Each structure stands twice: as C-alpha cells, then as structure tokens.
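Heads up: the structure comes next, in structure tokens.
Indexing begins at 1, ligand by ligand and atom by atom, following the structure's order. We count residues from 1, following the sequence as given. Computed from a prediction, not measured in an experiment: that's the story for all the values here.
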Amino acid sequence: GAKSLGRNNYQVYANNVDATQQQQTELKARLRHAVRNDELRVFYQPQVEASSEDIVGMEALVRWEHPELGMISPAFFIPLAEASGLIVPIGEWVLRTACAQAKAWESRYGLGLRLGVNLSAVQLMQSNLASVVATVLRDTGLDPHQLELEVTESISVKTVPHLVETLDALHAMGCRIAIDDFGTGAASLDYLRRLPADRIKIDQSFVRNIGVDPDDEAIVRATIEMAHHLKRGVVAEGVEIEQHLQFLRLNGCDELQGYLFCRPLPTPAFDKLLAERERLVNEGRAVPA
Ligand code: C2E
Ligand code: MG
Ligand code: MG
Ligand code: MG
C-alpha cells in the first residue's frame with residue numbers, strides 16, 4: 001500500500017534562517033560560491049499512479065547542502081537565485097543532472113519513468129531556453145517524452161514575453177508541460193486555455209484540506225473533472241494521509257505525489273527504491289502492494 005515507498009526523512013532544513021538585507025547580500029555571494037563549490041544536490045520524489053500506487057515518475061527538487069547550515073530548502077534560496085540571475089546556471093545544472101540520472105535509471109531499470117523539472121520565470125525569459133533543453137536532451141540521451149517541464153502558475157503570460165511560444169517550442173520537441181501549483185494563481189483558466197499543457201498539478205494547499213474544507217474538496221473534484229474534459233492529466237501534490245489518497249482515487253485523479261508515498265530522496269536512496277521494486281517484480285510479487 002501507501003507505505004511501500006518508505007517514509008524516509010532526508011529533509012533537514014535550515015528553516016529558521018530569517019535573513020536581513022545584509023544577510024541576503026552575503027547569502028547571494030555564498031550561493032554563487034555554492035554553485036562553483038558543488039554544494040547543490042538534486043533530490044527525487046516519486047509520483048505514483050493513483051490506481052496501482054506503482055511508480056510512474058519523479059520530480060527533481062534542488063537542495064543546497066550548506067557546510068554549516070545543512071540542507072537549505074529551495075523555497076528559501078530559489079528566490080535569491082532568481083533575484084541574482086544565478087537561477088539560469090542553477091536551472092540548467094539541475095536539468096542536466098536530472099536528465100542524466102533519469103537516463104541512467106532508464107538504462108538500468110527500463111520503466112519509462114517521467115522526469116519533472118521545475119522551470120523558473122527567469123529561465124523562461126531566456127530566448128535560448130528551448131535550445132538549451134534540446135542540447136541537454138541530446139547530450140544525455142533522455143527521450144524528450146520522458147521530460148516534463150513544470151511551469152508554476154504564478155508565472156504570468158504578461159511578464160514573461162514569448163512564454164506561449166517558448167512552451168510551444170518545447171512541446172513540439174516532445175517535452176511534456178505541466179502547470180504547477182494549479183489553482184493558486186490568478187489566471188488558472190487562462191493558462192489552461194493558452195498553454196500547451198499536458199498535465200495539471202493540483203496545489204498542495206487544496207489537497208491538505210481534503211477532509212477539512214468542503215469548498216476545497218469541491219475545487220479538487222472540479223479541477224480533476226475539468227482537466228479530464230480537456231484531455232489533460234492530473235497529479236495531486238502534497239498527498240500526506242490515507243484520507244487524501246482515498247478521496248483523490250475516488251474522484252479519478254491520475255497520479256499522486258506526497259509524503260504518504262515518499263519524501264524527496266537523494267540519488268542513492270531513490271536508486272535503492274527502484275532496485276527494491278525490481279526485486280519484488282522478479283519474485284513475481286505484486287507491485288508495490
Ligand atoms: P513544487 O515544484 O511545487 O514542488 C513540490 C514541493 O512540495 C517540494 O518542496 C516537495 O518536497 C514538497 N512536498 C512533496 N510532497 C509533500 C507533502 O506530502 N507534504 C508537504 N508539506 N510537502 C510536500 P521543496 O522541495 O521544498 O521545493 C519547494 C519549491 O521550490 C518547489 O515547489 C519549486 O517551486 C521550487 N523548486 C525546487 N526545485 C527547483 C528547481 O530545480 N528549479 C526551480 N526553478 N524551482 C525549484
Ligand atoms: Mg514542481
Ligand atoms: Mg507545486
Ligand atoms: Mg509549490
């Protein structure tokens with residue numbers, strides 16, 4: 001069942017970092033150093049099929065392993081990276097690292113797992129983004145259909161010039177496009193109408209309220225139904241408890257991601273998870289059960 005992917009706790013965040021302006025400036029310099037000094041890590045969180053709970057993909061999530069502060073959350077340093085422009089090399093590094101890793105897992109285990117990679121608005125403003133992605137795919141050998149680029153809904157079609165054209169170009173290359181944090185932005189429906197989105201990721205703020213807030217439950221149900229009418233897939237983020245799973249499954253959500261199944265894992269732990277799955281399959285046991 002839901003516990004089969006393990007409940008590891010690798011996320012030890014320096015959550016109490018409450019930086020002043022002065023500290024922000026220092027941290028930006030530190031982040032620049034971190035990129036050069038190889039302190040960034042890519043973790044991978046499984047996505048499972050709702051019906052079978054079998055793994056069908058993973059999301060690449062970056063962390064900063066600070067020598068003194070420990071693992072720093074992207075929620076903290078991505079905004080710094082965006083403000084300083086460092087997100088461009090960081091984003092490309094994450095993409096390349098994750099695509100190479102996904103290709104290695106594909107060679108080792110097959111499975112055709114989908115790889116989700118988050119794109120920042122700043123990356124989407126670069127006119128060469130599509131060619132950067134094409135180069136990374138060519139260099140790593142990953143099938144473009146296995147790559148899903150996640151675009152958060154807070155990115156505005158107004159502030160990012162050529163957003164639609166850039167995503168169209170990526171889509172034409174075979175990459176999948178997912179709308180991340182769906183429902184939290186001001187332009188959910190406009191986004192859905194204008195972007196070549198294959199999938200919607202329902203934001204965890206809605207999922208969290210399943211069993212708590214009937215309005216949010218109604219939004220989740222309606223989002224799944226609407227997505228399916230539009231022939232889009234739906235992933236729910238932040239699935240933490242059995243009740244979330246039951247509700248989402250009952251309402252036809254396609255895929256699930258959340259701590260109930262697995263936390264984001266460092267590469268060796270994720271590899272172990274895939275090896276264990278393969279062992280169960282070879283023994284003829286149901287997966288993941
Ligand atoms: P996101 O893309 O919406 O990623 C999902 C976040 O939810 C991740 O947080 C993940 O660890 C967390 N999560 C997954 N399951 C659960 C759950 O059951 N409960 C709860 N409470 N949280 C869960 P994380 O890794 O801290 O990343 C935060 C955000 O930072 C991401 O949100 C994304 O917007 C950004 N981010 C992470 N990696 C990258 C990256 O490589 N590039 C860019 N541009 N942004 C990134
Ligand atoms: Mg995401
Ligand atoms: Mg999200
Ligand atoms: Mg988010």
Side-chain angles (χ1 to χ4, degrees), residues 2 5-15 17 31 35 40-48 57-65 71-99 101 114-126 129 133 136 147-155 160 176-185 188 197 199-210 223 234-245 248 255-266 270:
L5 295 180
R7 287 175 192 270
N8 301 293
N9 192 351
Y10 286 95
Q11 282 179 312
V12 187
Y13 284 152
N15 275 329
V17 186
L31 185 55
V35 175
L40 299 184
R41 309 282 174 255
V42 182
F43 278 36
Y44 301 89
Q45 185 178 33
Q47 297 175 336
V48 305
M58 61 259 174
E59 180 173 4
L61 294 159
V62 70
R63 276 98 182 81
W64 174 10
E65 192 172 0
M71 271 318 163
I72 300 181
S73 163
F76 175 74
F77 73 85
I78 292 289
L80 287 176
E82 287 178 328
S84 58
L86 270 173
I87 191 64
V88 173
I90 289 175
E92 185 174 341
W93 178 82
V94 170
L95 180 72
R96 184 172 288 276
T97 303
C99 286
Q101 189 56 64
R114 198 191 306 101
L115 168 71
V117 176
N118 294 285
L119 291 181
S120 152
V122 181
Q123 286 174 280
L124 285 157
M125 283 184 230
Q126 309 295 305
L129 179 64
V133 173
V136 168
L147 179 61
E148 178 169 81
L149 299 163
E150 300 191 4
V151 180
T152 177
E153 211 191 73
S154 61
I155 295 173
V160 180
R176 311 289 169 94
I177 307 293
I179 303 179
D180 205 350
D181 308 327
F182 188 84
T184 59
S188 304
R199 298 218 293 174
I200 286 170
K201 299 192 76 176
I202 302 179
D203 191 68
Q204 41 189 311
S205 60
F206 298 104
V207 175
R208 190 183 303 134
N209 282 339
I210 290 171
T223 302
V234 193
V235 197
E237 285 192 314
V239 180
E240 290 190 352
I241 58 176
E242 199 74 33
Q243 193 179 5
H244 299 162
L245 165 66
L248 290 160
E255 293 179 20
L256 311 171
Q257 181 180 342
Y259 297 168
L260 178 64
F261 308 98
C262 195
R263 286 185 178 252
L265 301 175
F270 198 92

In short, Val239 meets Phe261 closest at the heavy-atom pair CG1-CE1, 3.7 Å

Glu59 near the Mg ion (ligand 2): N/O/S under 2.8 Å
yes

Residues Ala236 and Leu248: closest non-hydrogen pair is CB-CD1, 3.6 Å

Which atom of Asp181 is nearest the Mg ion (ligand 3), counting N, O or S only? It is OD1

Closest to the Mg ion (ligand 2), among the N/O/S atoms of Glu150, is atom OE1

If we number the atoms of ligand 1 from 1 as shown, the ones under 4.0 Å from a heavy atom of Val62 are 38 (N), 39 (C), 40 (C), 41 (O)

Counting heavy atoms under 4.0 Å, the part of Asp180 that contacts ligand 1 is side chain

Return all side-chain donor-acceptor pairs below 3.5 angstrom for residues 77-92, not counting sequence neighbours, or 'none' if the list is empty.
unit_1: Glu82; atom_1: OE2; unit_2: Ser120; atom_2: OG; d: 2.7
unit_1: Ser84; atom_1: OG; unit_2: Leu80; atom_2: O; d: 2.9
unit_1: Ser84; atom_1: OG; unit_2: Ala81; atom_2: O; d: 3.3

ask   = Would you say Arg63 contacts ligand 1, with heavy atoms under 4.0 Å as the rule?
value = yes

_Does the residue Val239 have a heavy-atom contact with ligand 1, meaning some pair of atoms that are separated by less than 4.0 Å?_
yes

Candidates Asn118, Leu119, Val207, Leu61; heavy atom nearest atom 43 (C) of ligand 1 found on Asn118

Quick check: does Asn118 have an N/O/S atom under 2.8 Å of the Mg ion (ligand 2)? yes

Ligand 1 atoms nearer than 4.0 angstrom to some heavy atom of Pro74 are 24 (P), 25 (O), 26 (O), 27 (O), 28 (C), 30 (O), 36 (N), 37 (C)

Closest heavy-atom pair, Pro264 versus Tyr259, reported as atoms and distance to 0.1 Å, is CD-CE2, 4.2 Å

Counting heavy atoms under 4.0 Å, the part of Val94 that contacts ligand 1 is side chain

message: Working note: Gln101 + Val42, criterion side-chain contact (heavy atoms from CB on, under 4.5 Å); need CA distance, chi angles, decisive distance, verdict.
response: CA-CA 10 Å; Gln101 189 56 64; Val42 182; over 6 Å; no

Heavy-atom nearest pair, Asp203 first then Asp181, reads OD1-OD1, 3.2 Å

The answer for which part of Gln45 has a heavy atom under 4.0 Å from ligand 1 is side chain

Could you give me the CA-CA distance, side-chain angles and deciding distance for Leu149 and Leu95, then say whether side-chain contact (heavy atoms from CB on, under 4.5 Å) is met?
CA-CA 10 Å; Leu149 299 163; Leu95 180 72; 4.3 Å; yes

A student comparing Phe77, Tyr259, Phe43 should find that the heavy atom closest to atom 23 (C) of ligand 1 comes from Tyr259

ask   = Below 3.5 angstrom, do we get any N/O pair linking Gln123 and ligand 1?
value = no

(Q) In this structure, does ligand 1 have an atom that sits under 4.0 Å from one of the heavy atoms of Arg263? (A) no

**Any donor-acceptor N or O pair under 3.5 Å, side chains Gln47, Gln257** = yes

The atoms of ligand 1 lying under 4.0 Å from a heavy atom of Asp181, numbered in the order shown, are 3 (O)

Smallest heavy-atom separation, Ala178 atom then Lys201 atom, equals CB-CG, 4.3 Å

- Of the backbone and side-chain N, O or S atoms of Glu237, does one lie nearer to the Mg ion (ligand 2) than 2.8 Å? no

In this structure, CD1 of Ile177 is separated from CD of Glu150 (nearest 0.5 Å) by 10.5 Å

- Message: Under 4.0 Å between a side-chain nitrogen and a carboxylate oxygen: does that hold for Glu255 and Arg114?
- Response: yes

The Mg ion (ligand 3) has as its nearest N, O or S atom from Asp180 the atom OD1

### Query
Any heavy atom of Pro264 sitting closer than 4.0 Å to ligand 1?
yes

Discussion item. Between Leu40 and Trp64, is the side-chain contact (heavy atoms from CB on, under 4.5 Å) condition met? List the steps.
Written reply: CA-CA 5 Å; Leu40 299 184; Trp64 174 10; 3.8 Å; yes

Among Ser120, Ser73, Ala98, closest by heavy atom to atom 44 (N) of ligand 1 is Ser120

Could you walk me through whether Thr97 and Val62 satisfy the side-chain contact (heavy atoms from CB on, under 4.5 Å) test, starting with their C-alpha distance in whole Å, then the side-chain angles of each, then the deciding distance to 0.1 Å, before giving a yes or no? CA-CA 10 Å; Thr97 303; Val62 70; over 6 Å; no

Note: Arg208, heavy atoms under 4.0 Å from ligand 1, region reported as neither

Within 4.0 Å of some non-hydrogen atom of Glu240, the atoms of ligand 1 are 17 (C), 18 (O), 19 (N), 20 (C), 21 (N)

